[in-house]
Amino acid sequence: MAVAAAQKNREMFAIKKSYSIENGYPSRRRSLVDDARFETLVVKQTKQSVLEEARARANDYTLTEEEVILQNAASESPEAEQAIQKAALLLRMRDGMGSLARILKTIDNYKGCVEHLETRPSQASGIQFDALVKVSMTRSNLLQLIRSLRQSTAFAGVNLLSDNISSKTPWFPRHASDLDNCNHLMTKFEPELDMNHPGFADKQYRERRKEIAEIAFAYKYGDSIPSITYTEVENSTWQRVFNTVLELMPKHACKEYKAAFGKLQEADIFVPHRIPQLDDVSNFLRKHTGFTLRPAAGLLTARDFLASLAFRVFQSTQYVRHNNSPFHTPEPDCIHELLGHIPLLADPNFAQFSQEIGLASLGASDSEIEKLSTVYWFTVEFGLCKENQQLKAYGAALLSSIGELLHALSDKPELRPFEPASTSLQPYQDQEYQPIYYVAESFDDAKDKFRRWVSTMSRPFEVRFNPHTERVEVLDSVEKLDTLIWQLNTEMLHLTNAVNKLRGSRFE
Ligand SMILES: [Fe+2]
């Protein structure tokens, strides 16, 4: 019920705009960080216009966001209107404790039950006391109670606090199948809006890109990913980039990338003359780290993209960059996903790091999504790491772009140690190469630092992914913790048995 209401709120305040010239495009390179910022802005604007509409409809210009959400929940059905709602009200009392009797009488009139009451001297001028009252009553009566109290001159303010109507935590997917709802695009198909897009003047290219994107729109959880018969031109674009990566990889890529790349070659998935099919890649990843792919029609909202990582699902585009520009693409395409992201998603440590970013994003605030996207940008896309005192690349945008790779490893940019608290606030460069890169000691070290930083975020609950059910569990009850302890005990038993057997075999 709470999930349904939260989902409805999400829809109510959903992004109704897509990227446009007003966001600085077409001149900017698209990125997850920029998307997150745009999302924050649009959600704020959309909320404001939804509020203004609701206030005009109700002819009540004092309505708050919480009240609009409450009204919305009450208007679902006659049953929803009569459902019992717990709520907290903050009342600013002008005339001292005498007003308490009025509050209690009014709550009683609306058949409400007072569950908690506390007062304290107010810090606001002209107000004697603030009262916090927790009540439970039907939604329709609660709305009337608020209106009635507001009409009294005894109160300088009557506020419904949002915590008690479950509106603070943004909706997030609980099961891998919920990712069917996480395909919100920040952009429609827009090369025609972007004069700098290599496909801007090529109608045939735009139609082909659209045809491939349709597959993603139709895709549902559990489907296998349809194959694409790539054209000779598309395969030759792949081949040019593939051969360059092959040449630069031995010297500049981290060892985990090289190892996984080799396995993809052995599996006959990475070959020079043919673009790999996403379904084959997805099956390969499943065997190595449990990651799978979902086709994406373009750049998704940061929240949706990060949420999918929590389920070990990587949303991948399937179309190919324009053949006039094989070494640069202003948006992600399948060459970037395949050569940049896929090898490391087959590495257990890196896969875990990616999933941690995804899990941290579930239910995070808009500003936290911006910070997580910035961390993603400087690690998964542009990250460098140390290997035997040498600098290596692990970021997908580096490994799939020769120019930026060589720049990152030259003496031109500034290198800083990866520290999530400062990295998450670092403005990034989206016009030229990055002037700053962050260096991780190792994936393990990056994971540890990231975990410590994430624990300082505002979300009031912890989540974990259950791979058996493909479900994200919110650890918010003793029963759920009991289940987790039971599972950990089973794992500990296997570990203890294994240690004992190894010890025993050493003395035989
Ligand atoms: Fe990427």
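Just so you know, ligand 1 is whichever comes first in the structure, and atom 1 is the first atom listed for that ligand.
When every heavy atom of Q315 is checked against every heavy atom of P295, the shortest pair comes out as OE1-O, 4.4 Å.
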field: ring pair (Phe, Tyr, Trp, His ring centres under 6.0 Å) between F314 and F305, worked out
entry: CA-CA 8 Å; F314 185 82; F305 179 78; 5.6 Å; yes

- prompt: Going through the checks in order, is the side chain to side chain donor-acceptor pair (under 3.5 Å) test met by Y394 and E387?
  reply: CA-CA 11 Å; Y394 72 89; E387 212 174 276; over 6 Å; no

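Side-chain contact annotation: Q318 with Y219, donor-acceptor N/O pair under 3.5 Å absent.
Among the heteroatoms counted here (N, O or S) of E381, OE2 is the one nearest to the Fe ion (ligand 1).
In summary, no N, O or S atom of E337 is located under 2.8 Å from the Fe ion (ligand 1).
Rounding to the nearest 10°, we obtain 90° for the angle at the Fe ion (ligand 1) between H336 NE2 and H341 NE2.
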